[in-house]
Structures are given as structure tokens and as C-alpha cells.
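One structure is given below, encoded as C-alpha cells.
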Amino acid sequence: MTADTPMVKAEDVRKSFGLVEVLRGIDLQVERGEVFCLIGPSGSGKSTFLRCINHLEKINGGRLSVDGELVGYRQKGDRLYELREKEVCAKRAEIGMVFQHFNLFPHKTALANVMEAPIQVKGENKADAADRGRRLLEQVGLGDKFDAYPRQLSGGQQQRVAIARALAMEPKLMLFDEPTSALDPELVGEVLDVMRGLARAGMTMVVVTHEMGFAREVGDAVVFMDGGVIIESGKPREMLTDPQHERTRSFLSKVL
């Protein structure tokens with residue numbers, strides 16, 4: 001793909017669970033190297049949209065592309081054909097995702113957690129996976145925790161292992177679903193510091209967050225969602241200090 005192809009492009013994206021329409025026509029574009037923040041109340045569709053980007057959820061309408069390629073589908077003529085699960089998994093491997101809850105393997109060390117996917121999914125040899133795993137754990141400030149098990153780590157440390165694990169697949173795009181919401185307040189900063197480092201290194205990131213300070217400081221663009229639609233979007237500093245829509249003002253007055 002060319003350098004000016006957006007990393008993520010959503011066109012009238014719709015998603016329903018039964019009779020409930022959770023996404024009601026989402027249009028947005030995430031450029032390469034951009035930190036794109038999604039904010040809004042619980043139940044507004046932010047996390048569902050994130051899960052659609054890597055096809056953990058299938059969209060019911062519209063088009064969603066990552067790096068110029070449709071997510072979960074192939075177009076032939078004017079028809080869309082769903083990809084086989086093996087093809088979906090190969091594409092998903094190019095997108096890192098960090099969840100609210102760390103989902104680490106409790107019986108594996110920090111290093112083994114980071115090594116697992118490159119070995120199992122990419123067929124990488126153990127020595128190479130271990131080398132990269134150590135480097136990534138050092139990058140997230142856990143160079144002294146290679147042999148620690150999740151139960152021996154704080155929530156912030158576990159989330160940093162989860163970030164290192166996602167990076168081990170060398171993704172082109174990182175998705176963060178409220179990565180600090182399950183953490184004690186004093187541990188939030190250490191995770192946000194790692195994310196700041198990724199932003200400085202040019203990683204394209206889509207971040208669902210309630211950390212408005214992070215959105216203002218690190219974000220390149222911010223979107224406010226409510227009720228499955230985009231209410232307002234813009235540059236973080238402008239939108240967070242001078243929102244134009246009454247619903248955005250009401251939300252921000254409660255969280256800032």
C-alpha cells in the first residue's frame with residue numbers, strides 16, 4: 001500500500017447484536033503513525049468498533065479497511081466474500097490488541113507469555129522469540145521480571161507484559177481497549193508512559209480511553225461517540241477545551 005493509504009478507514013460501519021444496533025454508521029479515518037483516541041460513555045460502541053477492526057466482531061453493514069485491505073472480506077467485482085478463518089487469523093496477527101483485563105497465561109512466566117504467539121502463530125524458533133521477548137520486556141520497563149509469573153506482578157506490570165506480548169507479533173497497528181481502567185490509580189501512569197513511548201516511535205494506535213490527559217497530550221485526533229454514532233471529532237486540545245456539541249460538553253464536564 002502507498003504511504004498515503006489510511007491505516008484504518010471506516011465507511012458507514014454498522015453492527016447489531018440481535019435487535020440492538022450498537023454501531024449506526026461510523027465514518028472515520030486513522031492515518032499512519034497517528035494516535036487516534038475514542039472517548040464516550042460506557043455502552044456508546046467504542047469497544048465494539050475496536051473489536052470490529054480486527055474482526056473479533058463481524059460488521060453487519062458498511063466497509064472497514066486496515067492498510068487498504070477489507071477486514072474479514074475479499075471483494076470480487078461488486079460482491080464481498082468472507083475470508084476463511086485461517087486468512088482472518090493471518091490478518092489479525094498484524095494487529096496488536098491490548099484489553100482492559102490482561103488475559104495473560106497464569107502458568108507461564110512474563111517472558112513465556114511474550115514468546116508464545118511468535119512461536120505458535122509465526123513458527124518462530126525459541127531462541128529468536130526469547131531474544132525479542134527480553135528486548136520488549138526491557139522496553140516496557142520489566143527487564144528484571146522475565147521469570148516472574150502473573151500472580152507475582154502488579155496490575156500495571158501485567159498490563160505492560162500484555163503490551164509487550166502484542167508488540168512481539170510486530171504489528172502494523174495497535175488497538176488499546178481502556179488499557180488502564182482495571183488498574184489502581186497509582187499504576188495508571190506506568191502503562192501510559194509505555195504508550196507514550198510507542199507514540200514517539202511512530203506506532204499507529206487506536207485507543208479507547210477515559211484518560212483525557214493522555215488524549216490531550218499524546219492524541220493526534222479524538223472522536224466522541226455516544227449511542228453508536230460519532231457526535232464530534234477533532235484535534236484533542238481544541239475539542240477537549242472547547243467542544244462544540246452539547247452532548248460532548250455534558251460528558252466532558254463529568255470526566256474532566
Side-chain angles (χ1 to χ4, degrees), residues 1 5-38 40 43-105 113 116-124 162-163 165-179 198 203-209 221 223 225 228-230:
M1 298 298 155
T5 301
M7 184 57 78
V8 179
K9 187 172 185 180
E11 302 169 272
D12 195 29
V13 168
R14 295 174 181 274
K15 171 67 183 176
S16 297
F17 295 107
L19 298 176
V20 180
E21 195 172 23
V22 180
L23 299 176
R24 299 189 293 145
I26 301 296
D27 292 286
L28 59 78
Q29 196 161 294
V30 181
E31 306 301 338
R32 292 166 191 276
E34 191 170 50
V35 178
F36 193 98
C37 296
L38 297 171
S44 58
K46 309 180 302 296
S47 295
T48 297
F49 178 69
L50 212 63
R51 292 170 65 84
C52 289
I53 293 176
N54 65 359
H55 208 56
L56 286 173
E57 299 287 356
K58 298 177 185 179
I59 64 174
N60 302 122
R63 296 167 67 89
L64 184 57
S65 305
V66 171
D67 200 16
E69 296 186 1
L70 287 171
V71 173
Y73 298 90
R74 178 187 296 109
Q75 183 159 357
K76 199 168 185 181
D78 56 2
R79 294 194 64 183
L80 294 181
Y81 296 89
E82 192 163 354
L83 297 179
R84 294 192 298 271
E85 186 60 27
K86 186 176 179 182
E87 296 172 288
V88 170
C89 289
K91 293 296 180 188
R92 192 178 290 143
E94 300 175 342
I95 303 171
M97 186 157 185
V98 178
F99 299 89
Q100 292 180 38
H101 301 286
F102 328 119
N103 300 339
L104 299 178
F105 295 113
N113 265 282
E116 179 79 4
I119 292 170
Q120 298 298 330
V121 179
K122 286 186 168 183
E124 202 167 278
I163 293 172
R165 179 181 59 182
L167 292 172
M169 293 296 285
E170 301 180 305
K172 62 175 74 171
L173 169 66
M174 284 284 283
L175 309 176
F176 291 88
D177 188 5
E178 297 191 31
L198 292 178
M203 174 62 74
T204 309
M205 298 157 61
V206 183
V207 184
V208 172
T209 186
V223 155
M225 287 179 63
V229 297
I230 292 173

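Along the sequence shown, residues are numbered consecutively beginning with 1. In this text the structure is predicted, and so the values were computed from the model without any measurement.
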Gap between atom [atom2] of [Y] and atom [atom1] of [X] - 0.5 Å precision:
X      : Y      : atom1 : atom2 : result
Met225 : Leu23  : CE    : CG    : 5.5 Å
Leu64  : Lys15  : CG    : NZ    : 12.0 Å
Ile163 : Leu198 : CD1   : CG    : 6.5 Å
His101 : Asp177 : NE2   : CG    : 9.5 Å
Leu38  : Thr209 : CG    : OG1   : 10.0 Å
Met97  : Leu173 : CE    : CG    : 10.0 Å

Stepwise side-chain contact (heavy atoms from CB on, under 4.5 Å) check, Leu167 with Met174: CA-CA 8 Å; Leu167 292 172; Met174 284 284 283; 4.0 Å; yes
Just so I know, are the side chains of [X] and [Y] near enough to count as touching, which here means a heavy-atom distance under 4.5 Å?
X      : Y      : answer
Arg63  : Lys9   : no
Leu104 : Arg165 : yes
Glu11  : Gln29  : no
Lys91  : Glu69  : yes
Phe176 : Val206 : no
Phe17  : Glu57  : yes
Val35  : Cys37  : yes
Glu170 : Lys122 : yes

How close do [X] and [Y] get, counting heavy atoms only, and between which atoms?
X      : Y      : value
Val98  : Ala166 : CG2-CB, 4.2 Å
Met169 : Pro118 : SD-N, 3.6 Å
Pro6   : Glu31  : CA-OE1, 3.9 Å
Gly228 : Ile26  : O-CD1, 3.4 Å
Gly96  : Pro171 : N-CB, 3.4 Å
Gly72  : Val88  : CA-CG2, 4.4 Å

Would you say NZ of Lys58 has more than 12 non-hydrogen atoms from neighbouring residues, nucleotides or ligands within 6.0 angstrom? no
Please step through side-chain contact (heavy atoms from CB on, under 4.5 Å) for the pair Arg92 and Leu56, ending with a clear verdict. CA-CA 9 Å; Arg92 192 178 290 143; Leu56 286 173; 4.0 Å; yes
Could you give me the CA-CA distance, side-chain angles and deciding distance for His55 and Glu82, then say whether side-chain contact (heavy atoms from CB on, under 4.5 Å) is met? CA-CA 11 Å; His55 208 56; Glu82 192 163 354; 4.0 Å; yes
Using a 3.5 Å distance criterion without hydrogens, assess whether the side chain of [X] forms a donor-acceptor pair with backbone atoms of [Y].
X      : Y      : value
Arg14  : Glu21  : no
Asp27  : Asp12  : yes
Asn60  : Ser16  : yes
Asn113 : Phe105 : yes

Which residue is it: Val71, Thr5, Thr204? I am looking for the one with a side chain to side chain contact (heavy atoms under 4.5 Å, CB included) to Val66. Val71
Could you walk me through whether Val208 and Phe49 pass the side-chain contact (heavy atoms from CB on, under 4.5 Å) check? CA-CA 10 Å; Val208 172; Phe49 178 69; over 6 Å; no
Is Glu87 salt-bridged to Arg74, going by a charged N under 4.0 Å from an acidic O? yes
